[in-house]
Amino acid sequence: MTSTDALSSALGTLYVVATPIGNLDDMSARALKVLADVALIAAEDTRHSARLMQHFGLSTPLAACHEHNERDHGGKFLQRLQAGEDVALISDAGTPLISDPGYHLVRQARAAGVAVVPVPGACALIAALSAAGLPSDRFIFEGFLPAKSVGRRSRLEQVKEEPRTLIFYEAPHRIAECLEDMRSIFGDERPALLARELTKTFETLKGLPLGELSAWVAADSNQQRGECVVLVAGWQAPEGDTAVSAEALRVLDLLLKEMPLKRAAALAAEITGVRKNLLYQLALERQSTK
Ligand code: SAM
């Protein structure tokens, strides 16, 4: 054992424990064991988690660790860990840190040399993706979009040509307007899926092109209730040789203002990954139409 090992083994362990997102049967045996064994549970909302504890007959003490006190109170949990006690971090539902508090505590613990151990389990975005039938080899998680339409639309514009599957969390009272903004920016035809109330009684997974999905939700107030994840297929370049993204054309136009055509096409190809010959042709066309 090195001296560093000896030091870190004198410290407690911070367990990051996933809890169910609806169906309590999704609580893992390992999560239950860890929650029973640790000295303290840092919980996003102690009253909420008390019900979970009661359901599983657990009596480990709970202490609040939410977004408003996490930075300051992280120190309180850190002291316990540094004194050699094990602490578990849980959120109200699913995996902590995924659109939930915990980041500061985990960061502080790791910086202090405390071992941080994940105890994986439910996570709404992964559950939705696993059943969506959309490409899952590469995806991006955008979390919650801005609540107001101007901010939301501007964020959607930024990811309009993202080729990976897009995953969003959304509040039920905003789902209809959010889908409408997605439809108008990504287009009616873009494949999408709404995953609502996962693992719960009214679980619904509805996969439709955005135009139809938006209309379906707008027409049925029941679809505007509960918790939801929205998945949207990534952008696909239109078929054919001239398929170049707006972003690549923007780069090309900027460079054309600054340097000779051949150099601009070569540099734009390097920056955007689009074929040099294609950009060269486009540059010729753009200059001839000026
Ligand atoms: N940490 C959680 C996780 O691992 O998924 C997410 C917490 S975040 C504060 C809550 C959001 O997650 C909800 O607004 C919803 O978008 C999504 N979510 C959580 N539970 C869900 C469920 N059962 N069905 C669909 N979406 C859910």
Side-chain angles (χ1 to χ4, degrees), residues 14-28 30-31 34-35 41-49 51-52 55 64-70 88-106 116 118-134 136 139-148 152 155-156 159 165-179 181-182 192-208 213-214 216-217 220 222-232:
L14 175 64
Y15 293 94
V16 183
V17 181
T19 57
I21 54 169
N23 189 329
L24 294 179
D25 286 350
D26 289 336
M27 189 75 170
S28 78
R30 183 169 171 229
V34 168
L35 293 184
I41 299 174
E44 180 182 3
D45 177 343
T46 51
R47 273 191 305 182
H48 181 99
S49 294
R51 293 195 287 274
L52 184 82
H55 178 87
C65 177
H66 45 69
E67 61 179 323
H68 306 296
N69 76 357
E70 192 194 337
L89 168 69
I90 61 174
S91 60
D92 287 355
T95 303
L97 279 80
I98 306 301
S99 295
D100 265 344
Y103 165 69
H104 296 288
L105 177 57
V106 167
V116 181
V119 180
C123 179
L125 78 104
I126 298 297
L129 180 65
S130 71
L134 293 171
S136 54
F139 59 90
I140 62 162
F141 174 52
E142 281 288 316
F144 287 97
L145 287 163
K148 295 201 176 121
R152 181 167 59 229
R155 185 76 205 116
L156 291 173
V159 292
T165 297
L166 297 141
I167 307 178
F168 304 89
Y169 282 169
E170 191 48 282
H173 59 279
R174 281 195 290 269
I175 190 66
E177 51 183 286
C178 170
L179 286 170
D181 282 346
M182 288 179 171
L193 180 128
L194 172 67
R196 216 173 50 79
E197 293 289 85
L198 289 166
T199 79
K200 304 185 203 176
T201 311
F202 295 106
E203 179 178 83
T204 308
L205 288 101
K206 189 76 171 174
L208 283 173
L213 187 61
S214 173
W216 183 73
V217 169
D220 181 358
N222 283 328
Q223 304 307 329
Q224 300 166 31
R225 298 207 176 115
E227 300 193 277
C228 29
V229 184
V230 180
L231 296 92
V232 180

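All ligand and atom numbering here is 1-based and tracks the order in the structure. What's counted below: heavy atoms across the whole structure, side chains too, no hydrogens, waters or symmetry copies.
- Side-chain contact between Ile41 and Ser49 is absent, with no heavy-atom pair separated by less than 4.5 Å.
- The protein non-hydrogen atom at the shortest distance from atom 24 (N) of ligand 1 is Leu198 N, 2.9 Å.
- In this structure, the side chains of Phe168 and Val232 come closer than 4.5 Å at one or more pairs of heavy atoms.
- Interface of Lys200 with ligand 1, defined as ligand atoms under 4.0 Å from a residue heavy atom, comprises 23 (N).
- Looking at Thr95 next to ligand 1, an N or O pair under 3.5 Å apart turns up.
- With hydrogens and angles disregarded, no donor-acceptor distance shorter than 3.5 Å links the side chain of Arg196 to the backbone of Glu203.
- What sits closest to atom 3 (C) of ligand 1 on the protein, heavy atoms only, is Tyr169 OH, 3.5 Å.
- Pairing each heavy atom of Ala64 with each of Thr46, the nearest pair is N-CG2, 3.6 Å.
- Contacts with ligand 1 closer than 4.0 Å are made by backbone heavy atoms (N, CA, C, O) of Glu170 only, the side chain lying farther away.
- Ligand 1 lies out of reach of Phe168, whose nearest heavy atom is not under 4.0 Å from it.
- Distance from atom 8 (S) of ligand 1 to its nearest protein heavy atom, with residue and atom name: Ser99 O, 3.6 Å.
- Using a 4.5 Å heavy-atom cutoff, the side chains of Glu197 and Thr204 are not in contact.
- Considering backbone and side-chain atoms together, Ala171 places no N or O closer than 3.5 Å to any N or O of ligand 1.
- Judged as a salt bridge (Lys or Arg N to Asp or Glu O under 4.0 Å), and not counting sequence neighbours, Glu44 has no contacts.
- Using a 4.5 Å cut-off on side-chain heavy atoms (C-beta onward), Cys65 and Leu89 make contact.
- The nearest heavy-atom contact from the protein to atom 10 (C) of ligand 1 is Phe144 CZ, 4.0 Å.
- Under 4.0 angstrom from ligand 1, the non-hydrogen atoms of Ala93 all belong to its backbone.
- For the pair Met27 and His55, the minimum side-chain heavy-atom distance is 4.5 Å or more.
- The distance criterion of under 3.5 Å between nitrogen or oxygen atoms is met by Ile98 with respect to ligand 1.
- Val229 CG2, 3.4 Å is the protein heavy atom nearest to atom 26 (N) of ligand 1.
- For the pair Leu125/Phe139, a side-chain contact is recorded, criterion being any heavy-atom separation below 4.5 Å from C-beta on.
- When Gly22, Ala195, Ala124 are checked for heavy-atom proximity to atom 27 (C) of ligand 1, Ala124 turns out nearest.
- For the pair Glu227 and ligand 1, the shortest N or O to N or O distance falls below 3.5 Å.
- Selection from Asp26, Leu125, Asp100 by nearest heavy atom to atom 7 (C) of ligand 1 gives Asp100.
- Among Cys228, Gly121, Ser91, Gly94, the residue whose heavy atom sits closest to atom 16 (O) of ligand 1 is Cys228.
- No side-chain heavy atom of Thr95 sits less than 4.5 Å from a side-chain heavy atom of Pro118.
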